[in-house]
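First the proteins, then the strands, lettered A, B, ... as listed; each starts at 1. Remember, it's a predicted structure, so these values are computed and weren't measured experimentally.
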Amino acid sequence: MKYSNIHCPTLKEDPASVEVASHRLLLRAGMIRQVASGIYDLLPLGLKVIRKVEAIVREEMNRAGAQEVLMPLVHPAELWQETGRWESNGKELLRFRDRHDRDFCLAPTHEEVVTDLIRKDVRSYKQLPINLYQIQTKFRDEVRPRFGLMRGREFTMKDAYSFDCDEESQMKAYEAMKAAYERIFSRCGLGFRRVHADSGNIGGSRSEEFMVLAKTGEDEIVHCKSCGYSANTEKARTLLNPSTLAKESFESLELVDTPDQKTIDEVVKKLQVHPTETLKVLLYQTEKGPVAAVLPGHRDLSEIAFQRALQAQNLRPLSPEELAQYSQVQFGSIGPMGLKEAIPVLADILFDSTIVEGRRYCVGANQNGKHYVGVQAGIDFAMQAHQVHQIHKAEVGDLCCDCNAPLQIERGIEVGHIFALGTKYSEAMNCNFMDEDGKEKPMVMGCYGIGIGRTAQAAIEQGLDEQGMVLPPAIAPFEVVIDVVKWKDEVLQSKALELYETLREHGYDVLLDDRDQSLGAKLKDADLLGISCRLVVGHKGLENNQIEAKLRWEKEAQWLAPDKIVDWIKSGFEKKQQAFLTADL
RNA sequence: CGGGGCGUGGCGCAGCCUGGUAGCGCACUUGCAUGGGGUGCAAGGGGUCGGAAGUUCAAAUCUUCUCGCCCCGACCA
């Protein structure tokens, strides 16, 4: 490909109000342009990178035995109503009506459609297992799109769905996908961690996320260096490190006035106590009725863990208006002592496991404008074993559940997610099959997703330097670029063309920069685009029959005879790729 | 959804406070020179200031409304 034939509007200056480096580079490299919030054009070179990621994904999916299909972006409401997700999904699900006033939505995911597809044609265990995947556009009307392709509203996703006769067979599909994902992300040159997304006690289902480690990642993950345990902070189970607790300052139970102190911060300030000596009560609404989470004032609640512990389908914070229907007590004065009496309709009260039994705490008194101090956990209020759960969000300093070592917290970009679904969708949608003894059973499903654009951008985020992108050859927009010191010089030009043809014959994806610009400008663009190998043809080298060659990730360039170039590139690329596959975090 | 910010040639910005119908850099066009890290000089083209209404003799500038985009936060009581 010749540069003059490509629409690649590179930018010299940084675009305004763009925070993340990879997003900035995508814009500067002329790979993407914004159309609306969270909606982008992919320009030729941006698309080229995306296609290369897709090619790797396809290859590994096919190798793992999945078959490619293509399902629609527009889904009829009926399918989503069958699983209840038409109602339970919020505004993220973009709904609209067609000319006949029928309800539709833009697909944020495809469990309903693929389950419908399978149930129409699969009757027997003999037809199973099946694993179908697609690389397709999704639309999720995100509250707050940001960071370019990282969190767009319209985005490309690879999603696979497996259908099996039983759990055991399902686990094989799950493991095959897991292995494929590890290969895919390694081949894309990504430093990633596979983390637990669910601790695995709900209906035997299991889920793991693939996190690319990056400071700018939107997700937090805990990692245990000593045993390797990794999990999404929201879903991680961790133990309290007792050494983080302040010394007890109360000796006896006492009722104190706190007329204007509603938040933990305010109470702590007024009563001169340490946050680790306070307890707070968070109220939520569920389909079973209001529920309460009791946890230390300095800890955050993991809503996901809370919901799981409650085994609730829906969970949202209780509004002040709702609270007023149940109780005279207002937010800010609610505490664990006599909670059930204060709010008689509470369905469940769960205590966080970081509450220390016997320790004296400062708590809301369930009387407006009053707190108790010196309340003993487990004595002044009961904490039955079945009520105590790990519902706090993991924090730095917490201890590993498995080996008791201190955990570290890292940031990551979620590029892939694999999930054992069980029979949730197959049961809701009657996706059944006849097994060997003539019994009808729901299929056991799994789903597996990769954000294609996000994977590409994560690779950029991890690889960049001051000059631009540093991409692995497998996903760089070009493998090789040829720059000519003076394009109009016929001797140099013909040498460059010769080199260009040779490399193409050897199967390389080559860019010939045929623009009549200063060398400096051309080199800047080559670096910005992250092209893996750069060759410079000029008089200086040609006098000695040499070409300047440089790999994007190396500091120094080398002078090589033209007939050595192909082998040199080959071994350079192989070394790099090998490094990715064996990279250790 | 709450808070904050921004919207002026393709891009990045100044002008707005203290109204008098637009300016800079980059990019673009033409010419000459240059050619190993965004080359120099010269001559050009392009915007009515997100939109609407209002105040005024006069609005990019003041007021109100509206649209769009970006950032932060989001029920932690």
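- In this entry the distance linking CD of A:Glu13 with C1' of B:C24 reads 11 Å, nearest Å.
- Of all nucleotides listed (B:C70, B:G12, B:C76), B:C76 comes nearest to the side chain of A:Lys280.
- Legend: side chain to side chain donor-acceptor pair (under 3.5 Å) pairs involving residues 279-291 of chain A, not counting sequence neighbours, sorted by first then second residue: A:Tyr284-A:Glu303, A:Gln285-A:Glu322, A:Gln285-A:Tyr326.
- With rounding to whole Å, A:Trp487 atom CH2 is found 21 Å from B:G38 atom P.
- Cation-pi geometry between A:Arg95 and A:Trp86 is satisfied (NZ or CZ under 6.0 Å from the ring centre, within 45° of the ring normal).
- Remark: A:Glu490 CD is loosely packed, at most 12 non-hydrogen atoms of other residues, nucleotides or ligands lying under 6.0 Å away.
- For residues 364-373 of chain A, proximity to RNA chain B is found at no residue, defined as any non-hydrogen atom under 4.0 angstrom from a strand atom.
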Mind listing the N/O atom pairs, protein and nucleotides 2-4 of chain B, below 3.5 Å?
none

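- Side-chain atoms of A:Arg360 come within 3.5 Å of backbone N or O of A:Gly374 as a donor-acceptor pair.
- Distances shorter than 4.0 Å separate none of the side-chain N or O atoms of A:Gln261 from OP1 or OP2 on B:A77.
- Rounding to whole angstrom units, CD of residue A:Glu218 and C1' of B:C71 are separated by 13 Å.
- Legend: residues meeting side-chain contact (heavy atoms from CB on, under 4.5 Å) with A:Glu554, ordered by chain and number and at least two apart, are A:Leu551.
- Checked against the 6.0 Å centroid criterion, the rings of A:Phe250 and A:Tyr361 do not qualify as a close aromatic pair.
- Atom CD of A:Glu142 is separated from atom C1' of B:C1 by 15 Å (rounded to the nearest Å).
- Shown for residues 511-538 of chain A: residues whose heavy atoms fall under 4.0 angstrom of RNA chain B, namely A:Asp516, A:Gln517, A:Ser518, A:Leu519, A:Gly520, A:Ala521, A:Leu523, A:Lys524, A:Asp525, A:Asp527, A:Arg534, A:Val536, A:Gly538.
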Can you give the donor-acceptor pairs under 3.5 Å from side chains of residues 32-44 of chain A to other protein atoms, not counting sequence neighbours?
{"from": "A:Arg33", "atom 1": "NH1", "to": "A:Leu27", "atom 2": "O", "distance (Å)": "2.8"}
{"from": "A:Arg33", "atom 1": "NH2", "to": "A:Pro9", "atom 2": "O", "distance (Å)": "2.8"}

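- When rounded to the nearest whole Å, the span between CD of A:Glu466 and P of B:G38 equals 16 Å.
- To the nearest angstrom, C1' of B:G38 lies 11 Å from CD of A:Gln467.
- Phosphate proximity of B:G38 to A:Lys12: absent, as no side-chain N or O sits under 4.0 Å from OP1 or OP2.
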